[in-house]
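Input: a single structure, listed below in structure tokens.
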Amino acid sequence: MIVSGTQLAKEIKEKVKNDVAKAVEIYGRPPHLVVILVGEDPASQSYVKGKGKDAEEVGFKSTTILKPDTITEQELLDLIESLNNDDSVDGILVQLPLPAHIDEDKVIETISLSKDVDGFHPLNVAALWQKRDCIYPCTPKGVIQLLDKAGVKIEGKKAVVIGRSNIVGLPVSKMLLDRNATVTIAHSRTQNLPSVTSEADILVVAIGRPKFVTEEMVKPGAAVIDVGVNRDPATGKLCGDVDFDTVAQKASVITPVPGGAGPMTRACLMQNTLECFLRRQNDKR
């Protein structure tokens, strides 16, 4: 089964759109998402354009703030603080990566917890690991929804996550644990990695290495979620961390690249923005 993130994202956004219409009737305005883009990286520009398009489709107010890569760290922090204090703004997203002279951790920490639609704030991450109420990071949230859409049973299964970043690897591991899977966190240099991955009922790959996972690394009938987006060095075309053509012959469930986790990340951003908006409205009561 090839699980289309594009189709599931469309379904999610349609529901968000209906919920936004109801929210406007109750609160008198739609959620407002602000995205800050620093520099002119083509990939980042494409991501930001897609997020703005999705926001408009579901009925949000969407604002994109463009800043040159010469902006100082303090200027960026001051901009975020001004948005934190703007009651008309419900969600703040700073597109990563940032120029080397800007501390990404400091930027993430500056975003108000109540407007952290990415789910990256340290207090939000802590809440995730403590099983407290939180905003789930967008990509891991999308991974779990893709598995659910495909009818994959998570409880009691062996899951292997290749990748240990704070953005995907670690949070998706925690979310799988919370669904009662047995989880192993690995990385590209894990010793005897094929022997580890070949026991996985669920394999999530997020390391940014084109076609890194090959057929012999996958258990027959496994569910494979490919989070990577790379350029195939041989063809220049987009590809994932998984060698799709060979692994698809062995897996029972697999996501394509493009069209898998990418659209789900943006759809979950829409869910998170609406959730932040509703939380803020309820806090005012």
Flag, side chain of [X] to backbone of [Y], donor-acceptor distance under 3.5 Å:
{"X": "Lys250", "Y": "Glu215", "result": "yes"}
{"X": "His32", "Y": "Ser88", "result": "yes"}
{"X": "Ser173", "Y": "Gly169", "result": "yes"}
{"X": "Ser252", "Y": "Gly221", "result": "yes"}

Test of ring centre spacing under 6.0 Å for Phe60 and Phe277: no
Specify the closest pair of heavy atoms between [X] and [Y], including all atoms of both residues, with the distance to one decimal.
{"X": "Cys268", "Y": "Cys138", "value": "CB-O, 3.5 Å"}
{"X": "Val3", "Y": "Ala150", "value": "CG2-CB, 3.6 Å"}
{"X": "Ile135", "Y": "Asp116", "value": "CG2-O, 3.8 Å"}
{"X": "Gly163", "Y": "Ile185", "value": "O-CG2, 3.8 Å"}
{"X": "Gly260", "Y": "Thr255", "value": "CA-CB, 4.3 Å"}
{"X": "Asp241", "Y": "Arg209", "value": "OD1-N, 3.0 Å"}

Quick one: list whatever passes side chain to side chain donor-acceptor pair (under 3.5 Å) with [X], sequence neighbours left out.
{"X": "Thr246", "result": "Asp243"}
{"X": "Ser114", "result": "Ser112"}
{"X": "Asp226", "result": "none"}
{"X": "Gln74", "result": "Asp78"}

Side chain to side chain contact (heavy atoms under 4.5 Å, CB included) partners for Thr6, two or more places apart: Ser4, Pro263
Just jot down the salt bridge (Lys or Arg N to Asp or Glu O under 4.0 Å) partners of [X], sequence neighbours excluded, or say none.
{"X": "Glu73", "value": "Lys106"}
{"X": "Asp118", "value": "none"}
{"X": "Asp178", "value": "Lys174"}
{"X": "Glu57", "value": "Lys13"}

Electrostatic pair [X]-[Y], nearest N-O below 4.0 angstrom:
{"X": "Lys153", "Y": "Asp201", "answer": "no"}
{"X": "Arg279", "Y": "Glu275", "answer": "yes"}
{"X": "Lys149", "Y": "Glu11", "answer": "yes"}

Listed once per pair and sorted, the salt bridge (Lys or Arg N to Asp or Glu O under 4.0 Å) pairs that draw on residues 251-267, sequence neighbours left out: Asp54-Arg266
For a quick check under 3.5 Å, do [X] and [Y] share a side-chain donor-acceptor pair by atom type?
{"X": "Asn230", "Y": "Lys211", "answer": "no"}
{"X": "Ser195", "Y": "Asn192", "answer": "no"}
{"X": "Lys15", "Y": "Gln271", "answer": "no"}

side-chain contact (heavy atoms from CB on, under 4.5 Å) between Lys115 and Leu83, worked out: CA-CA 9 Å; Lys115 301 183 180 185; Leu83 296 171; 5.8 Å; no
Contacts of type ring pair (Phe, Tyr, Trp, His ring centres under 6.0 Å), residue Phe120, not counting sequence neighbours: none
Hydrophobic cluster partners of Val160 (side-chain heavy atoms under 4.5 Å): Ile2, Ile162, Leu193, Val196, Leu203, Val205, Ile207, Phe212, Val213, Met217, Val218, Val224, Val242, Phe244, Val247, Ile254
